[in-house]
Structures are given as structure tokens and as C-alpha cells.
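Right, one structure below, let's go through it.
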Amino acid sequence: MCSRRAFLIGLFFLSQMGLVNKIYAEVPTRKNRKFLKQGWLLQEGDV
Amino acid sequence: MLIDLNASPTSLPKHAEFCIAGSGPAGMTLALELEQRGRSVLLLEGGGLEWTPESYELYKGDVVGDYYVGLEYARARQLGGTSGHWGGWSYQLTELAFKEKPGFEDAQWPIEKKDLDPFLEKARAILDINAPPDDVLLDREFGIKEFRIAYSRVKFGQMYRERLTSSQHITCVTGATLTGLKTNGRNIVDATVTNFSGKSANVTAKYFILAMGGIENSRMLLWFNHQANGELVDSRAPLGRYWMEHPAYQVGYALVDLKIPKTEYFRPHLLLTFTEEVFQKLGILECSFVLEGISSTGTKGLLKDLICVAPRVGEWAASLAGKNIVCGARFIIGWEQEPLWSNYVKLSETKRDRFGIPTAELHWKKSDRDRATMQKAITYFNEFLMAKKHGRVKLADWVFAKDGYPSSGNDGVSYHHIGGTRMAHVVEKGVVDKNCRVFGQSNLYIAGSSVFPSGGEANPTLSIVQLSLRLADHLLHT
């Protein structure tokens, strides 16, 4: 029983980590504001 | 055998097993394949061995709607058809092109890619090309693919002229315009062929195949149907409808650290597209990008401009340029146009050609969803460039405007004429069935890109040749 519970808890944390990593991986493509300046498509930090 | 009907007006054979109208890639492929299997073919070509002012006149027509080049410039009436001046870019339609796409119900084929695959190797042999290297997945996260293509140098009129001349089974007649097609309601009984002097003769055949091009197939079938008081084509069929192009524009420039490969016949260019999952996620039809390398002077000019506008990213780009890592490129996008009932070929009500046949009137307009395809694709591609630090793009003002496209020269034009006699399971959705047979007629078939229900993002010629080989196979087993 104990090992089964540990397995399930471990599985839960692993799946959450996967989700977190996935969200984290997408953040860099979403967080920077994009804008047009004299035709150039730029993001914050470019200018 | 090769005959000029203008020089020998009485030389038209009276009967053939297969009568094919049009000697471009579709008609010529079909004729050569049937010949190889020992069948007798009459191949009619409306033009001569080369382009002439007379044949040019016959292709004049009108365009209503978006900017398009004159129809007489967009095709060639000569032996070998428009392959006489094509670019030769050859690659297959993707599996996605054939599939049902949510939100684009009419962009679906009644056949699958696997139905054309058996004819790929032979099609490549006809085009004298090898299989290109496999596509490369450049970025898994963003689903960005580099795709490779083959470049054919085959002009069908030049390449296969000798074979036609010496053929025992093909009688190829130039200067021979198909001007009439008589039906008894279920079969084509005979065809009328006319030379430039107006001298006509009739021919009978077991099968008739129209392979006259992506505008002429519609125009002539509309005319023959009109002559037959509507008995040739089922009135429910969308004849002339769902006409498409591959809209293509240079949308700006790019400074990228991606490797732009050299090519044998063209300027260096990198061809990119998305994976099927990305197209589905974005809810758009297919598209591709061409990054065409520019000179080092042009690259320096772009860098200078970027440094002025955005110094931080400009300096980063300049540091890579110092190591010859960054390239300047023309940024070009081409996309699959949404198939729409409202884009169509019709017969002119006021203008006729030298044979008294109404000229073509092309009604063609890109939809709001076409514009959205372009904008969403560019936005997504730019996100990839930024996120993966591959560079920046500079866009023309019109790209993200609400409407309007550039309208001069080749703007928006790929010279790919698609649809008009589309293929479908049922007559309400198409003019031909999945075997390219005109619904309601037992011996009338259509070859060429006019049967494509949707355009995918591939240049159409390789698929046209594959479809003609498949049609030959079908005709020989019917």
C-alpha cells in the first residue's frame, strides 16, 4: 500500500513538473511585448 | 507523327482510341504513357511548335476582382503548353493538402496522397528530376520545417518533340483547336477541330480528354455545354467555380542566422513551412516561406537600418554578420488560397476569339481568410525567429493593414491556375469524379490542375503529371 501511495504521489509531482516545464518553455515566446517600428517587427529589449 | 493542321488542313485522322486536347504537362504525359502501353492517341495542340502572336491573341481574357496579370501572359499556347516557360520547381503535395480541414470544408480531395504516390517515380522521370533530400525539422517546438525540392529543366515541347515525331502510336496535330464537342447526353459522339484558317473537321474517339490548362478547361467546357444546351455538364456541377491561385508576395526583408543554401539555377534560397500540427493549431491553410539571399551590400544596408531603429538587436546582428553568420534575405510568402464558389471562370458576354468562342472572364478575389492566413503565418514565423534568436524581419506597410495588396508586375501571382473543373465525390461539389471523369458522361475526362479541389502549397506540375499517369492507368483498366 505504502509503495503504491508513494508511486502515485511521485507520479503526481512528475506530471506537475512536466506541466511547469511546458509552461516555462512557452513563457519566453509570450512575455515580451512585440511591436512594429519603421517596418521592423521587434520585441522589448531590442531598442 | 507530328502534323501541322495549318499547313495540311485535310490531314486530321478521323478516328483515334484516345483524343487528347492540349499538349502541356497533363496532356503530353497522358499521351506518352498511353503510347508506351501500345495505344493509339490523337494529341491536339491549339498552338504551334513555338509561341506565335496568333496563339497569344487566343489567350486574351478579362480579370474582374483582385489584380492579376493579363491572361495572355499567364499561359503559353504552344507544343508543351506553359512548360515552355515555367520555373521547374517540383515537389509533392503534402498529406494535409488532401485531408478535410476544419473550417475549410471545400478544401478536401476525394482521393488521398497515397493514391498518387505510386506514380511519383515515373512522374519524376518525365520531369527528369531526382528525389530531393528529405525535409529537415528545423525546430521541433515551433514546428518549423525546411523543405527541399527538385528543379526540372524539362520543357515538354522541346523534350518530347522528337519522340512525338517518330511515334507509331501518337499523332500529334499542331494548329488544331478543339472548337466543338458533341454529346448524346451520356457519351461524347465526336469532336470538331479547327485550324487557324477556320477549316474544320470532325474526329471520333473512344475517350476524349481535355487537358487545355487551368483556365481553358473551364472556358471550353462552359462553351461546349452551352452549345449542347446544358446536356454536357450536370447543371448541379460547379463548372468554372472554385478557381484558385497560390497568392505569393514579397512581404519584406529578413536578417537571419539561418543557412540559405545555394541552388543550381536560382538565387540562394531557403524554403520553410510549418508542420501539419502548426497549420491545425493556427487554423489556416498551408503556406510556405522563401528566404531568398541578397547581396552583401544589401545585407549591410539592412543591418545599418536595424541598428538605427533597434540598436541593441542591431548590434547583436552586426556582431554575427562580422562572422558571416547573418544573411539578408527577401522575405516571400506563398499560400494556399481558400477554395470559394465566388471565384470563377465564365464566358465573356461581349468578347469572342477568332473562332467565335467567348473569351474567358476570370472573377478572382482573395478573401479575408486568405489575408488572415498570411498574417497569422508571418506572426507565428516571427515568434519563432525571436524566441530562437534567429533574427528579425522588416515588413512592408501593407502586410498588417486591414486590406489591400501590392498590384504590379508579378505581385500575388504564381501562374498556378487551379480549380474550375474540380474533383469530388458528388456532382454538387465537383465537375469530375475521383477518376477525373466528367459526371454524367461516360467517355469524357479532364486532366490538369483544373481538377484540383484545393491547391495545397506545392507548385502543381509534379502533381499534374502524377494525376495524368493515374488517369492513364484508369483509362487502360476501364
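The chains referred to below are lettered A, B, ... by the order of the sequence lines, with proteins before strands, and numbering in each begins at 1. Just so you know, these numbers use all the heavy atoms, side chains as well, and skip hydrogens, waters and symmetry mates.
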Among Leu36(A), Val47(A), Asp46(A), which residue forms the greatest number of heavy-atom pairs with chain B at distances under 4.5 Å?
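The option with the most such pairs is Asp46(A).
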Please assess Leu42(A) against Leu306(B) for the test side chain to side chain contact (heavy atoms under 4.5 Å, CB included), listing each intermediate value before the final yes or no.
CA-CA 10 Å; Leu42(A) 303 169; Leu306(B) 182 60; 4.1 Å; yes
Measure the spacing between [atom1] of [X] and [atom2] of [Y] and express it to the nearest 0.5 Å.
X: Arg392(B); Y: Gln43(A); atom1: CZ; atom2: CD; answer: 4.5 Å
X: Leu41(A); Y: Leu385(B); atom1: CG; atom2: CG; answer: 9.5 Å
X: Lys34(A); Y: Asn382(B); atom1: NZ; atom2: CG; answer: 7.5 Å

Under 4.5 Å from any heavy atom of chain A - which part of Asp397(B)
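Neither part.
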With only heavy atoms counted, which part of Ile307(B) is less than 4.5 Å from chain A, the side chain, the backbone, both or neither?
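For Ile307(B), neither part sits under 4.5 Å from chain A.
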Take a 6.0 Å sphere around OH of Tyr73(B) and say whether it holds more than 12 heavy atoms from other residues, nucleotides or ligands.
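Not more than 12 within 6.0 Å, no.
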Is the count of non-hydrogen atoms from other residues, nucleotides or ligands lying under 6.0 Å from Arg267(B) atom CZ greater than 12?
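Atom CZ in Arg267(B) is not crowded, with 12 or fewer foreign heavy atoms closer than 6.0 Å.
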Over all atoms of both residues, closest heavy-atom pair of Gln38(A) and Lys394(B)
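Distance-wise, the nearest heavy atoms are O-CE, 3.4 Å.
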Taking all atoms of both residues into account, what is the closest heavy-atom pair of Trp40(A) and Asp305(B), and its distance?
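The answer is NE1-OD2, 2.9 Å.
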